[in-house]
A.B. asks: 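The structure's right below; bear with me while I get my questions together.
Small disclaimer: the values here were computed from a predicted structure and weren't measured.
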Amino acid sequence: MLTLFMLGGITATAIITRALIFKNYVISLFSLLTPMSVTLVLQGTTLAENMFTLVVIYIVFMLWVAKGYSANVNRNIQIWIDNEKLLAEDRK
């Protein structure tokens with residue numbers, strides 16, 4: 001279970017670097033949490049099933065957060081580029 005918390009922490013902090021391109025974050029998220037999720041499903045205990053449910057909820061939540069973060073950063077980059085264009089026009 002400690003490994004699951006460590007991988008969850010890695011995916012949470014990966015938003016900062018990988019969510020700029022949303023597809024990269026999705027690949028990172030699923031490649032880190034899918035093996036552990038399969039292991040939880042195959043264990044068949046009640047604790048493992050509950051942990052699997054929490055992992056699925058965590059994945060959905062992280063995808064939602066990463067999508068919003070990616071859109072926000074991309075919007076900010078576009079505003080910055082537009083601002084640079086306006087400054088260049090103003091200097092002429």
A.B. asks: Determine whether Tyr58 and Leu63 satisfy the following criterion, side-chain contact (heavy atoms from CB on, under 4.5 Å), listing intermediate values before the conclusion.
C.D. replies: CA-CA 9 Å; Tyr58 177 77; Leu63 288 173; over 6 Å; no
A.B. asks: Would you say the side-chain atoms of Thr34 pair up with the backbone N or O of Ser31, donor to acceptor, closer than 3.5 Å?
C.D. replies: no
A.B. asks: Can Gln78 and Asp82 be counted as having a side-chain donor-acceptor contact under 3.5 angstrom?
C.D. replies: yes
A.B. asks: Consider only side-chain heavy atoms of I, L, V, M, F, W and Y, link residues closer than 4.5 Å, and tell whether Phe61 and Met51 are in one cluster.
C.D. replies: yes
A.B. asks: With heavy-atom distances below 4.5 Å as the criterion, would you say the side chains of Pro35 and Thr39 are in contact?
C.D. replies: no
A.B. asks: Answer with yes or no whether the hydrophobic clustering places Leu42 together with Val55; edges join I, L, V, M, F, W, Y residues whose side-chain heavy atoms lie under 4.5 Å apart.
C.D. replies: no
A.B. asks: When you look at CD1 of Ile21, are more than 12 heavy atoms from neighbouring residues, nucleotides or ligands closer to it than 6.0 Å?
C.D. replies: no
A.B. asks: For the CZ atom of Arg18 and the OG1 atom of Thr13, what is their distance to the nearest 0.5 Å?
C.D. replies: 8.0 Å
A.B. asks: Within this structure, what is the CD1-CZ distance for the pair Ile77 and Arg75, rounded to the nearest 0.5 Å?
C.D. replies: 11.5 Å
A.B. asks: May I ask you to decide if Ser70's main-chain N or O and Asn74's side chain share a donor-acceptor pair within less than 3.5 Å?
C.D. replies: yes
A.B. asks: Is there side-chain contact between Leu87 and Asn83, with at least one heavy-atom pair below 4.5 Å?
C.D. replies: yes
A.B. asks: Taking atom CG of Leu32 and atom CD1 of Ile10, what is their separation to the nearest 0.5 Å?
C.D. replies: 6.0 Å
A.B. asks: The criterion is side chain to side chain contact (heavy atoms under 4.5 Å, CB included); which residues satisfy it with Ala48, sequence neighbours excluded?
C.D. replies: Leu40, Gln43, Thr45
A.B. asks: Applying a strict under-4.5 Å side-chain criterion to I, L, V, M, F, W and Y, I'd like to know whether Ile27 and Tyr69 cluster together.
C.D. replies: no
A.B. asks: Quick check on the hydrophobic clustering: are Val41 and Val38 connected, directly or via other members, by side-chain heavy-atom contacts under 4.5 Å?
C.D. replies: no
A.B. asks: Looking just at side-chain N and O atoms, do Tyr25 and Thr11 make a donor-acceptor pair shorter than 3.5 Å?
C.D. replies: no
A.B. asks: Using a 3.5 Å distance criterion without hydrogens, assess whether the side chain of Ser28 forms a donor-acceptor pair with backbone atoms of Asn24.
C.D. replies: no
A.B. asks: Same hydrophobic cluster for Leu54 and Val60, using side-chain heavy-atom links shorter than 4.5 Å among ILVMFWY?
C.D. replies: no
